[in-house]
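These notes are about the structure you will find just below.
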Amino acid sequence: QVQVVESGGGLVQPGGSLRLSCAASGSTFRINVMGWYRQAPGKQRELVADISYDGSTNYADSVKGRFTISRDNTKNTVYLQMNSVEPEDTAVYYCSRTDLSGLTRTTYWGQGTQVTVSS
């Protein structure tokens, strides 16, 4: 079984920066995609950014140019560097890991970490 644990959330002022970390432990599966999602009150969970095992990335339009996703495969860890944050970035941020095996996809989720952007 895979455990996914996020850290680094908190309160940040508009225009500030925050770095989220996510470690996946347990079963290691090389071919995977790790991602960050967020869910604001009253809204659906949405993709923020994801990164494949080979380093290719994908970002939501709302965070392009402000957020950067990266990963360290030796530590099974993914990071989200959040710069120039805005009040609209306030949400619970969830980390996920999706293991890919042929046509099979298995996704594991963390418990979430709160990010609040406010002055």
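Residue numbers count from 1 along this sequence. In this text the structure is predicted, and so the values were computed from the model without any measurement.
Between the CH2 atom of Trp109 and the SG atom of Cys95 there is a distance of 9.0 Å, given to the nearest 0.5 Å. Summarising the geometry, atom CZ belonging to Arg19 is positioned 13.0 Å from atom CE belonging to Met82; distances are rounded to the nearest 0.5 Å. Taken from CG in Leu47 to CZ in Arg45, the straight-line distance is 11.5 Å, to the nearest 0.5 Å. Atoms CG and CZ, on Asn32 and Arg97 in that order, are 5.0 Å from each other to the nearest 0.5 Å.
The hydrophobic cluster containing Phe67 also contains Leu18, counting ILVMFWY residues as joined when their side-chain heavy atoms lie under 4.5 angstrom apart, directly or transitively. Leu80 and Val12 end up in the same hydrophobic cluster when Ile, Leu, Val, Met, Phe, Trp and Tyr side chains are linked at under 4.5 Å. Connection of Tyr94 to Trp36 is not established within any shared hydrophobic cluster, with ILVMFWY side chains joined at heavy-atom distances below 4.5 Å, either directly or through further cluster members. When hydrophobic clusters are built by joining Ile, Leu, Val, Met, Phe, Trp and Tyr residues whose side-chain heavy atoms come closer than 4.5 Å, directly or via intermediates, Leu100 is not grouped with Met34. Residues Val115 and Val4 do not share a hydrophobic cluster, clusters being chains of Ile/Leu/Val/Met/Phe/Trp/Tyr side chains in contact below 4.5 Å.
Residues Asp72 and Tyr79 meet the side-chain proximity criterion, which asks for heavy atoms closer than 4.5 Å. Using a 4.5 Å heavy-atom threshold, the side chains of Asp89 and Arg66 count as touching. Residues Ser7 and Thr113 form no side-chain contact, since every pair of their non-hydrogen atoms from C-beta on lies 4.5 Å or further apart.
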Please determine whether side chain to side chain contact (heavy atoms under 4.5 Å, CB included) holds for the pair Glu88 and Ser62, giving the CA-CA distance in whole Å, both sets of side-chain angles, and the decisive distance to 0.1 Å. CA-CA 10 Å; Glu88 293 73 23; Ser62 59; over 6 Å; no

Verdict with reasoning, Ser25 to Asn76, per side chain to side chain contact (heavy atoms under 4.5 Å, CB included): CA-CA 7 Å; Ser25 61; Asn76 294 314; over 6 Å; no

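Between the side chain of Glu6 and the main chain of Gln111, a donor-acceptor pair closer than 3.5 Å is present. Side-chain atoms of Tyr59 come within 3.5 Å of backbone N or O of Ile69 as a donor-acceptor pair. Side chain of Arg71 to main chain of Ser52: a donor-acceptor pair is present (N/O by atom type, distance under 3.5 Å, no hydrogens or angles).
Summarising the geometry of Ser118 relative to Pro14, their closest heavy-atom pair is C-CD, 3.6 Å, with the distance given to 0.1 Å. Nearest heavy atom pair, residue Gln81 against residue Asn83, reads NE2-OD1, 2.9 Å.
Between Asn58 and the options Val33, Asp50, Val48, Ile51, a side chain to side chain contact (heavy atoms under 4.5 Å, CB included) holds for only Asp50.
Donor-acceptor pairing under 3.5 Å is lacking for the side chains of Thr116 and Thr90.
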